[in-house]
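Residue numbers run from 1 in the order of the sequence given.
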Amino acid sequence: MEQEKAVIIVGAGPSGLAMAGCLSRLAIPYIVLEREDCFASLWKKYSYDRLHLHLQKQFCELPHMPFPPSCPTYVPKNQFIQYLDDYVSRFKISPILYHRNVESANYDEASERWVVKAVTNSNTGGSGEMEEYFGRFLVVATGEATNPYTPEVQGLNTFAGDVLHSTQFKSGKGFKNKNVLVVGSGNSGMEIALDLANHGAKTSIIVRSPVHVLSRGMVYLALVLLKHLSLNMVDSLMVLLSKVVFGDLTKYGIERPTEGPFYMKVKYGKYPAIDVGTYKKIKSSEIQVLPAEISSIRGSDVELKNGKSYQFDAIVFCTGFRRSTNLWLKGDDYLLKDDGLPRQSFPNHWKGKNGLYCVGLSRRGIYGSSEDAENIANDIKSFL
């Protein structure tokens, strides 16, 4: 099977949909390749029930379509999925070819086209055949969260209880009275620990590295102030506010980083923990903070690197994702690094060479994806 379109978009998450929506508006033909059996699969299949957008809705809109006024300020998962469904309908986003696992993408100098090879993913219901697609432009829209990552832990295969990655966790309902260890203190780890504690699990969370804890209100204030003040000034104010609101976190086992929260987000992609109730549970000892990573596991015994040992019935790894762009994108030494993030810093991160682009990799959330998509669509239009 061979297909040719002006633009090939790889990935049908919110970034890929934003890209397709912008191209649809400009009547530029495209094709979307998606390895799963639906668009926005991370939201539809791999996220926990209590998930809400962490930022206010005006910072999470896709291009050219605001949220309906009936949506709450912090949009819950199901309403965000409905919004994405409506977006696909509004912009008549098609074709999205599902079950397509991209194996390679090369730029052919002679024909001045991108040649993308994809296997129809037999894991999700495809036939396992190789297909070729040709396009003048290629957009990487595979996002920051591509392949779930679980670290290698000595003896993990001997663990007697349940082992989940955060993408497999739905709710704390089934964990009442169980001893559960959450590994990882990003926003998913903090919120999953809260959900477990709310459902009566005896919850512990490993907080290995220093972390900034901010409230939703602080983050909103910071985003407004960043339009007018320097990053350093906003960071200093956020640290001061965090100290006032949350006090000394070290007595609960949480260190504050020396670098500011938004500086760390820009430099390392490390987001501050946006508190939605976890801090209160840590303060009341309903959630226990463990300050060292796992050394080894034997049966239900989990030994930490500080020498202490605990027994758990379940472990939830909230240890993030690895990107796999470097495995299939060939001949690009300008746009993306080996870790799948842009080489160029914002705001010049989205454009490569020979019609190669990336959307949603600036570590600026859905807002960043929307900006990227509009920039790329306008740039492509200038060539056509």
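- Rounded to the nearest 0.5 Å, atoms OH (Tyr74) and CZ (Arg216) are 5.5 Å apart.
- A 6.0 Å sphere centred on NZ of Lys170 holds more than 12 heavy atoms belonging to other residues, nucleotides or ligands.
- For Lys281, the side chain to side chain donor-acceptor pair (under 3.5 Å) partners two or more places apart in sequence, or in a different chain, are Asn198, Glu286.
- Aromatic ring orientation, Phe59 versus Tyr367: perpendicular (interplanar angle above 60°, classes split at 30° and 60°).
- Judged purely by atom type and a 3.5 angstrom limit, Asp235 uses its side chain to pair as donor or acceptor with the backbone of Phe262.
- Using cut-offs of 30° and 60° on the angle between ring planes, the pair Phe246 and Tyr279 is perpendicular.
- Between the Thr203 side chain and the Ala201 main chain, a donor and an acceptor come within less than 3.5 Å of each other.
- None of Glu131, Arg35, Met130 except one satisfies the side chain to side chain contact (heavy atoms under 4.5 Å, CB included) rule with Thr120; the exception is Glu131.
- Ring orientation note: the planes of Phe137 and Phe383 are tilted relative to one another, at an angle of 30° to 60°.
- Phe91 and Tyr87 have tilted rings, their planes meeting at an angle from 30° to 60° on a 0 to 90° scale.
- Counted within 6.0 Å of CD on Gln168, heavy atoms from surrounding residues, nucleotides or ligands total more than 12; the atom is thus considered enclosed.
- In terms of the side chain to side chain donor-acceptor pair (under 3.5 Å) criterion, residue partners of Gln58 (sequence neighbours excluded) are, by chain and number, Gln56.
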Determine, step by step, whether Asp37 and Lys44 satisfy the salt bridge (charged side-chain N to carboxylate O under 4.0 Å, His left out) criterion, reporting the C-alpha distance in whole Å, the side-chain angles of both residues, the deciding distance to 0.1 Å, and the verdict. CA-CA 11 Å; Asp37 58 0; Lys44 290 184 173 183; over 6 Å; no
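- Residue Lys280 qualifies as open at atom NZ: its count of foreign heavy atoms under 6.0 Å is 12 or below.
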